[in-house]
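A quick write-up on the structure given underneath.
Computed from a predicted structure; not experimentally measured. We number each residue from 1, following the sequence as shown.
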Amino acid sequence: MSSNKKRLNLSFSMTSPVQQRAWKKLMDIPAGQRSAAVCRMICEHREQRELLEAVRQVIRQELQGSQIQIAQAAPQAGDVDDDVLGFLASLQEGDDTT
């Protein structure tokens, strides 16, 4: 006869911080609701990982298909605009109309 229930026994080591945290979280779940909660957590975790991977894949594809434009850098110290140079040159030449 085949049973409709499957059993899985787990043991937690209280010397392992991860297993200790997991044990405490499981004990916060009311008795009688733990199996359903564990099943829900496992399935949700799997779905989140799959969704995250799908989002990463879309981002990779978009980045590969687009050109990234780099904005023109702001003038650095030592860079002088042509208009500024022209203005300075006119000051050096002087204005004879005064």
Side-chain angles (χ1 to χ4, degrees):
M1 230 192 297
S2 176
S3 173
N4 286 335
K5 288 189 175 189
K6 302 292 181 193
R7 181 171 294 277
L8 173 67
N9 294 314
L10 298 172
S11 62
F12 295 83
S13 171
M14 294 299 106
T15 60
S16 166
V18 172
Q19 291 185 27
Q20 188 176 29
R21 284 192 347 249
W23 175 258
K24 286 179 181 178
K25 289 180 187 275
L26 283 171
M27 292 303 102
D28 288 342
I29 301 167
Q33 297 178 20
R34 291 181 185 141
S35 291
V38 168
C39 291
R40 186 177 60 253
M41 286 186 266
I42 291 169
C43 292
E44 287 173 359
H45 177 73
R46 179 73 177 229
E47 290 167 1
Q48 287 174 354
R49 289 181 60 89
E50 290 170 355
L51 177 61
L52 180 59
E53 185 53 39
V55 169
R56 285 179 176 155
Q57 184 63 31
V58 168
I59 291 171
R60 281 187 208 108
Q61 289 172 352
E62 288 298 317
L63 289 175
Q64 287 175 354
S66 67
Q67 280 188 321
I68 298 175
Q69 296 181 355
I70 300 173
Q72 184 175 357
Q76 302 267 332
D79 290 349
V80 181
D81 187 82
D82 287 339
D83 292 336
V84 173
L85 288 176
F87 173 73
L88 292 174
S90 70
L91 289 177
Q92 286 178 341
E93 292 170 1
D95 190 355
D96 294 45
T97 60
T98 55

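- For Q61, the CD atom is densely surrounded, since the number of other residues' heavy atoms within 6.0 Å is greater than 12.
- One distance of note links CD of E47 with CD1 of I42; it measures 12.0 Å at 0.5 Å rounding.
- Using a 4.5 Å heavy-atom cutoff, the side chains of K24 and M27 are not in contact.
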For R46 and E50, what are the C-alpha separation, side-chain angles and deciding distance, and is it a salt bridge (Lys or Arg N to Asp or Glu O under 4.0 Å)?
-> CA-CA 6 Å; R46 179 73 177 229; E50 290 170 355; 3.1 Å; yes
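- The environment of R49 atom CZ is sparse: at most 12 non-hydrogen atoms of other residues, nucleotides or ligands sit within 6.0 angstrom.
- Listed by first and then second residue, the ring pair (Phe, Tyr, Trp, His ring centres under 6.0 Å) pairs involving residues 3-42 are F12-W23 (not counting sequence neighbours).
- Annotation for M14 and Q19: closest pair CE-O, 4.2 Å, computed over non-hydrogen atoms.
- The distance from the CD atom of Q64 to the CD1 atom of I59 is 12.5 Å, given to the nearest 0.5 Å.
- V18 and L10 end up in different hydrophobic clusters when Ile, Leu, Val, Met, Phe, Trp and Tyr side chains are linked at under 4.5 Å.
- In plain terms, the two heavy atoms of K6 and S3 that are nearest each other are NZ-O, 4.3 Å.
- Nearest heavy atom pair, residue I29 against residue M41, reads CD1-CE, 3.7 Å.
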